[in-house]
2 protein chains.
Amino acid sequence: MRTLGTPEPETAPRTVTIQDVARRAGVSTATVSRAIALPERVAAATREAVFSAIRETGYTPNAAARSLRAKSTKMVLVLLPGIGNSFFTPVLNALEEVFTEGGYGVLIGYTRQSRSRETHYARVIRAGQVDGVLVVTGNVPRDEEFVSVPDTVPVSLMFSEVPGTAQFSVFDVDNRGASADAVRYLISQGHRRIAHIPGAESGLEARERLGGYCDAIREVGFPLDESLIWRGASNFDFASGERAAKDFFALDDKPTAVFAAADEIALGFMRALKNRGVGIPSDVSVIGFDDTEYAVHYDPALTTMRQPRNEMGRLAAQDLLRRMAARDGGIPTSKVRLPCELVVRESVRAVE
Amino acid sequence: MRTLGTPEPETAPRTVTIQDVARRAGVSTATVSRAIALPERVAAATREAVFSAIRETGYTPNAAARSLRAKSTKMVLVLLPGIGNSFFTPVLNALEEVFTEGGYGVLIGYTRQSRSRETHYARVIRAGQVDGVLVVTGNVPRDEEFVSVPDTVPVSLMFSEVPGTAQFSVFDVDNRGASADAVRYLISQGHRRIAHIPGAESGLEARERLGGYCDAIREVGFPLDESLIWRGASNFDFASGERAAKDFFALDDKPTAVFAAADEIALGFMRALKNRGVGIPSDVSVIGFDDTEYAVHYDPALTTMRQPRNEMGRLAAQDLLRRMAARDGGIPTSKVRLPCELVVRESVRAVE
DNA sequence: CGAATTCTTGTAATCGATTACATCTACCGT
DNA sequence: ACGGTAGATGTAATCGATTACAAGAATTCG
């Protein structure tokens, strides 16, 4: 053992096992195990003897042995797409907190939309290395990813739904409805010519948000103008917003407001416009989606549609905790759709 | 097994073990184990038989059983302070990539500077749940954290050094020197009255950066003016920068340039100044530290001292990988100090 | 051709816990 | 006083792999 600054104790180099504790306490290993797991089923005196033996030896139960026998590792796998995107930071924070509190460790994996990575983590799951899986991603997971995941391992999805499956819990928001609300807000502020910067078309959320934009435009009878939909985003990132700025400048009849499918896109777009002397919101209003950490700190502070990321993380973790505790799917999966909330800041102005 | 969209195969509900494979291939379990671990030590024909048996049964070795016997879990624990701070995102990315490539899983833990959390993770380590530990944090770990971590588990530190210990590898930057360089750059641009916003005094890096600031000021013979050091940061965050802005406005003789101990602080400070009509860099120049993702996207883009976070992550992971592979400290620990790099953008202007 | 060496494979112990079952003691009511 | 029941503890099987050791088969070499 290594004890910073204090003299080396004369402990044996061998790791201490339950046997050592049992011997020292003068009981059997079964009793030690019980004293730890079900203290009330052991006589008070014995319990004390066991605990002091544990303290004296510095015993910590071996995780592998316990997992092997108990068929539970007390760990969950959290799969993230793995972009440098800080969107996931608060999610991961919430997950780690709830899981740790619940006695579970968090194994993270970045899928980086690579097939080999998915197979790798499929193997981790099949090896029984985790008791549950949480897929946090905007991408609809491909079939391969779940082939031969044992039924005994509960799986949950965050931020994207696999259509038509009852075997996963799903936690997401109504991307389409929330996007429509964002655009309706712009309309309520007097804007008539509103553009949209969608995310990468491959993602389900991006398509939903585009759908919401169209819904809101159509519902008030505005023409749906394809030249106002600036496709070409590769991701929810700054660069995509900057690229969209090119479309903006190429346009003769410019919009007075823009709805970006993500805050990062909005910020990149705003930056590019400001660089060329376009005022925000004086010349163009901008609204984003997500309410990431930097939205509030930008200049101007970004008006955006907030996703309750922390709360979603908490709920998803609690649900998985519950399902892992119940043997054999005793608890049904849940589909939870949380409401988004419009956060009004400085990047949208009213026009008449 | 669960196979999305395809009919349920008639597999037994019981999980398939090495026994099943052995029986099917007509060999002993020892041979199966060898075929997997040391393919060259079994006859080609047998090897083929084993592999097809594996394929047919869909066998995946049980991680717990393997760990128990082999005394290695192929997992590392990465400890982060756990603030929502996105500073660590690229670090975590690099770590996950290198470790996964090296065949190790990444267990994350957020210490949240809480003692109970540290004890919790100490227990995880002692339970043999991980083969190595990487502490990624600005805080000097307290003794408690390492008490009774077995010598067999290599530990590395990133971004902060525990003074006087040879038992950990350390990966950091010369915070003091780099800070002095940042301030020297301001001086080279003609600034004479330069303020500093330090990070929380409890952190070693924050103190080092403050030291660097003082070095550079003294070295050119400027007076070291305490009213230009705006203490009171609680963290490397926006709020601390905003708080420092109060000190700025309270001052009669204002500085022409400010060195902030972190980008987040710089951004919060800039935001607060701009809100009150102070131009950056026209009225005040600002330089940050870290070069986080948002520095380049802010308006004005932040001039800052870059820490090679990704590279540090890679190096630290590779070092730990090497030390875990060597039995019993065959490889000495290393102290690696990487160079920072000044990234000139728009937030500093030359004065005469 | 026989002994030595090398390959290949199997047998069985082992890792360190958990837990079903058995046993023993103590206490209870009638 | 005695059968019954509850409570406390021990015995030993078990989880699913790895691996030391042994043994048999094949090859090499003088």
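In what follows, every chain begins at residue 1, and chains take the letters A, B, ... in the order their sequences are listed.
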- Message: Would you say B:Lys71 places a side-chain N or O within less than 4.0 Å of OP1 or OP2 belonging to D:dT18?
- Response: no
- Message: Using heavy-atom distances to pick each residue's nearest nucleotide on DNA chain D, tell me which of B:Ala37 and A:Ser28 is more 5'.
- Response: A:Ser28
- Query: Whole-Å distance between D:dT9 P and A:Glu40 CD?
  - Reply: 13 Å
- Message: How many whole angstroms separate atom CZ of B:Arg34 from atom C1' of C:dG10?
- Response: 8 Å
- Contact class for B:Thr46 (heavy atom, under 4.0 Å): base, sugar-phosphate, or nothing? sugar-phosphate
- Task: Write down the distance between CG (B:Asn62) and C1' (D:dT14), rounded to a whole number of angstrom.
- Result: 13 Å
- Query: Think B:Thr17 has a side-chain N or O under 4.0 angstrom from the OP1 or OP2 of D:dC15?
  - Reply: no
- Query: Just how far, in rounded Å, is P of D:dG7 from CZ of A:Arg47?
  - Reply: 14 Å
- Message: When you measure only distances, ignoring hydrogens and angles, does the side chain of A:Arg69 come within 3.5 Å of the base of D:dG16 through a donor and an acceptor?
- Response: no
- Item | Phosphate OP1/OP2 of C:dA17 contacted by A:Tyr59 side-chain N/O (<4.0 Å) | yes
- Task: By nearest nucleotide on DNA chain D, pick out whichever of B:Ile18 and A:Arg41 is the more 5' one.
- Result: A:Arg41
- Please tell me which of the listed nucleotides, D:dG16, C:dA12, C:dT18, lies nearest to the side chain of A:Thr29? C:dT18
- Task: Go through B:Glu97 and A:Arg112 one step at a time and tell me if the salt bridge (Lys or Arg N to Asp or Glu O under 4.0 Å) criterion holds.
- Result: CA-CA 10 Å; B:Glu97 185 162 342; A:Arg112 296 172 209 276; 3.6 Å; yes
- For B:Arg66 and C:dG16, what is the distance between atoms CZ and C1' respectively, to the nearest whole Å? 18 Å
- A:Arg117/B:Glu96 salt bridge by N-O under 4.0 Å criterion: yes
- Note on the structure: 5'-most contact on DNA chain C (nearest-nucleotide basis), B:Gly26 vs A:Leu38, goes to B:Gly26
- Message: Rounding to an integer number of Å, can you tell me how far A:Gln19 CD sits from C:dT14 C1'?
- Response: 12 Å
- Message: Please classify the nucleic acid contact of A:Val32 as base, sugar-phosphate, or nothing, using heavy-atom distances under 4.0 Å.
- Response: nothing
- Describe the nucleic acid contact of B:Ala43 in one word from base, sugar-phosphate, nothing, applying a heavy-atom distance below 4.0 Å. sugar-phosphate
- Between B:Gln129 (CD) and C:dA17 (C1'), how many Å, whole number? 14 Å
- Query: C:dG10, D:dG10, C:dG16: which one has an atom nearest the side-chain heavy atoms of A:Thr31?
  - Reply: D:dG10
- Message: Quiz question: by atom type and distance under 3.5 Å, do the side chains of B:Thr15 and A:Arg126 form a donor-acceptor pair?
- Response: no
- Is it the case that more than 12 heavy atoms not belonging to B:Glu101 sit under 6.0 Å from its CD atom? no
- Query: Hey, does the side chain of A:Thr111 reach the backbone of A:Leu80 with a donor-acceptor pair shorter than 3.5 angstrom?
  - Reply: yes
- Tell me what B:Ser33 touches on the nucleic acid: a base, only sugar-phosphate, or nothing, going by heavy atoms under 4.0 Å. base
